[in-house]
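Right, one structure below, let's go through it.
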Amino acid sequence: MLADYSDMPSRSLIRRFFDLPLRRKLILSFLAVISFGGIITLVIGTRIEHRTIFSLAESKVRNDLAAAWMVYNEKLNGIRDVVRLSAAREFLPEFFRTGGRDEAAKRLDAIRREYGLDILTLTDAQGRVALRARRPEAFGEDRSGDLFVQRALRKETPAGTSIVPRTLLLEEAPDLAERAYFQFVETPKAAARPGDHEENGMLLQATAPVMDGGGALIGALYGGVLINRNYEIVDRVKDIVFRGEKYKGQDIGTVTIFQGDLRVSTNVLDAQGQRAVGTRVSREVERAVLVDGGRWVGPAFVVREWHITAYEPIKDIDGRIIGMLYVGTLEWPFLDLRNRVMATFAGLAGLCAGFLLVLLWLASATITRPLLNMVKATDTIAKGDLNHRVEIGSHDETGQLAAAFNRMTESLAQANENLAQWGRMLEKRVEERTRELRETQDALVQSQKLASLGKMAAGVAHEINNPLTSITINAHLLLEDRGPDDADRDALTLIAEETGRCAQIVKGLLEFARQTPSEASDADINDIVERTIQLLDKQASVRNVKIIKDLDKSLPLIVIDKNKIQQVVSNLVINACEAMPDGGTLTIVTSPSDDRRQIVLRVADTGVGIPKANMDLLFDPFFTTKSHGTGLGLAVSYGIVHQRGGTIDVESEVGKGSTFTVKLPLEETAPDKKPAKDQP
Amino acid sequence: MTEQTPKKILVVDDEINVCKSIRRALMCDEYEIDMATGGEEALRKEAEKHYDVILVDLMMPGLSGIDLLRSLKGQRSRAQIIMMTGYPSTKTSLHTMQLGAFDYLPKPFVPSEIRNVVIRALEAGRAEE
């Protein structure tokens with residue numbers, strides 16, 4: 001049993017594919033391969049490309065971070081230099097010696113302003129605040145617990161970053177405390193943290209010992225820059241590292257200094273285009289950098305966008321992690337780059353595929369066109385044009401197929417021709433046989449008619465002749481007895497004459513019945529015709545019939561019974577004359593047949609013609625349309641011609657005339673019937 | 001010249017009417033005409049009377065005209081025999097002439113024809129004597 005696939009969608013899809021034209025199948029297969037390969041290549045390519053671009057980006061970010069550190073440290077060193085140099089100024093020992101607080105404070109603040117420091121404060125050798133550049137009135141506070149101060153008092157010049165409590169900021173300058181204060185701005189990815197603000201500050205600071213002229217330690221000078229809301233470092237890094245590079249109106253690179261997880265100095269902008277200070281770092285980065293103390297490099301969500309980032313912890317001089325330095329570049333320019341590369345790649349691949357498709361389309365045509373041609377040719381041939389040939393375009397398999405196809409068609413045409421020829425031959429043979437059969441049958445019927453008629457004629461003739469004899473004799477005897485004026489004489493004459501006619505009829509009958517064997521000899525048919533016409537010429541001219549002769553003098557002699565053929569000719573001529581009661585033209589022609597194996601005698605008249613209905617009866621004995629005549633003339637002629645192995649035919653058109661054609665074979669063939677019996 | 005004895009003529013035909021008609025056609029003082037309607041009768045009458053001329057129909061029931069001719073010739077009859085037939089043919093005419101018939105006369109015929117034949121037959125018979 002055959003499976004019915006129609007109700008199985010997948011099978012039917014496959015089947016539908018196989019039912020597609022060859023060319024479409026090729027293209028579809030090619031498309032499938034290309035698409036499959038293309039998609040895989042694209043996916044893998046995208047991955048590789050992505051990885052390459054991003055690893056490049058990450059290493060760049062790493063370098064950028066190193067550059068950022070350089071700027072950061074340079075700033076720190078700068079502060080240290082300023083502090084160290086300031087510590088060596090003359091007016092500081094002098095302040096210790098002579099006082100003059102206001103004057104000293106003024107000079108200290110001038111230095112502070114000149115070098116851009118937020119804090120510049122002098123302590124004495126015990127670490128107590130002696131002079132503040134910005135608040136000369138606030139002094140005496142013990143700062144000896146401060147690590148920087150302690151180290152300066154040991155004649156070191158330490159520099160570093162540290163977290164400064166709000167109280168100290170308030171001491172140094174109230175506006176610094178204000179600058180340091182941040183209310184947290186919530187961002188989606190920041191870690192949860194107790195409290196909602198930061199009040200401490202982050203300070204880049206350095207401390208240097210202050211000595212008198214003799215080299216004795218008399219105090220320490222510390223100075224620093226509050227990083228909170230101070231954008232000098234981050235913007236400098238941005239200028240140096242990224243050179244203000246923008247992508248679609250947006251700064252690519254961003255730099256941030258974190259105090260803990262809080263952005264205190266940054267050029268990352270928030271949605272309003274403001275520096276996103278007060279926001280906090282994402283949870284993952286916090287854990288990796290602040291908790292674990294490691295470096296973070298990779299994509300990170302910064303404020304409101306993905307960046308490729310590098311974070312490193314900022315430590316104080318004790319090595320505690322107090323913040324982070326961050327450098328990042330926007331991720332989407334890289335994604336754009338990647339996408340552009342991939343798009344270019346995909347576009348190129350698509351272009352190649354398209355080009356290949358066109359090539360394949362054209363190439364497939366060389367396969368499908370011959371096939372289509374062959375399909376067309378098959379149709380044409382099926383419609384009967386066996387001479388149609390397929391054009392052989394190439395020497396490949398399709399070419400061979402076309403050649404084989406042509407050979408097949410040729411054989412088919414040959415076979416068809418043979419068949420047709422055979423059919424024609426058969427038809428012709430059947431026709432011939434049918435005609436022969438009909439002729440034989442006709443002849444047989446005619447001969448049977450004649451034979452039985454012969455017998456009958458003999459009997460009738462004999463039987464009638466006896467009473468005719470009595471009548472004839474007695475009629476004549478009575479006539480002999482009557483005088484010329486006798487009243488009965490006319491009647492008796494009529495009897496005698498009519499009896500005579502009866503005798504003639506019976507004689508004709510007997511002539512017809514008595515078909516004696518022919519006494520054949522070489523004869524010239526033209527002679528016979530001439531002689532017959534001579535005998536009948538007078539009769540014809542009386543009837544106003546003109547006789548035209550067209551006799552072929554080159555006719556060979558023919559073996560015939562002259563008397564009988566003469567009888568035939570005279571019968572035909574008499575018949576023709578009688579068919580033209582008002583006169584006309586009688587044409588008598590002799591000629592050889594086309595194959596020169598027969599002699600043809602034609603007798604044509606311009607008479608009344610023979611109605612179709614009478615055509616079949618024409619050669620029957622006793623058939624006559626004349627008021628007189630026995631109706632035996634044509635029957636006897638027929639008998640004679642057939643006995644000789646010839647044929648006699650008639651063509652006629654009513655009102656135009658008739659033509660009788662007698663054909664006599666030159667080589668006498670055996671008569672197809674026996675002559676009627678002679679013997680009573 | 002004494003009165004000539006009438007010439008004896010026998011007409012043989014199976015149809016009596018034909019016999020009678022022929023007798024009427026030939027009837028005259030010089031002829032003595034008998035009739036026979038069969039071959040046997042004819043032979044009998046010839047044996048009695050020795051005719052000068054015998055007219056014989058070719059086709060008759062019983063003894064046919066040919067048989068009669070043969071018998072008569074076999075008996076060396078001196079009669080001239082004229083054959084008559086309603087169905088004349090070359091074959092029978094030749095045959096009868098070979099058997100010794102004087103003439104062969106197709107039926108029907110007019111009185112003058114039969115008279116002329118008989119006269120010629122009688123002349124021939126006289127010449128033979």
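Source: prediction; values computed, not measured. Residue numbering restarts at 1 for every chain, and letters A, B, ... go by the order of the sequence lines. Side chains included, hydrogens not; waters and symmetry mates left out as well; all remaining heavy atoms used.
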If we count only N and O atoms by modelled type, under 3.5 Å, do the side chains of [X] and [Y] hold a donor and an acceptor together?
X: A:D649; Y: A:T661; answer: no
X: A:S470; Y: B:N17; answer: no
X: B:D14; Y: B:T37; answer: no
X: B:D34; Y: B:Y51; answer: yes

Query raised in the report: Who wins among B:P106, B:C19, B:S112, B:A25 for the most heavy-atom pairs under 4.5 Å with chain A?
Result: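 Of the candidates given, the most pairs with chain A belong to B:A25.
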
Query - Most contacts with chain B, counted as non-hydrogen pairs under 4.5 angstrom, among A:L477, A:T472, A:L468, A:I464 - result: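 The residue among A:L477, A:T472, A:L468, A:I464 with the greatest pair count is A:L477.
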
**Report entry** Engaged part of B:I114 at the chain A interface, taking heavy atoms whose separation is under 4.5 Å
**Finding:**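 For B:I114, no heavy atom lies under 4.5 Å from chain A.
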
Requested in this report: Using non-hydrogen atoms and a 4.5 Å limit, figure out which bit of A:N466 sits close to chain B: side chain, backbone, both or neither.
Outcome: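 Both parts, heavy atoms under 4.5 Å.
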
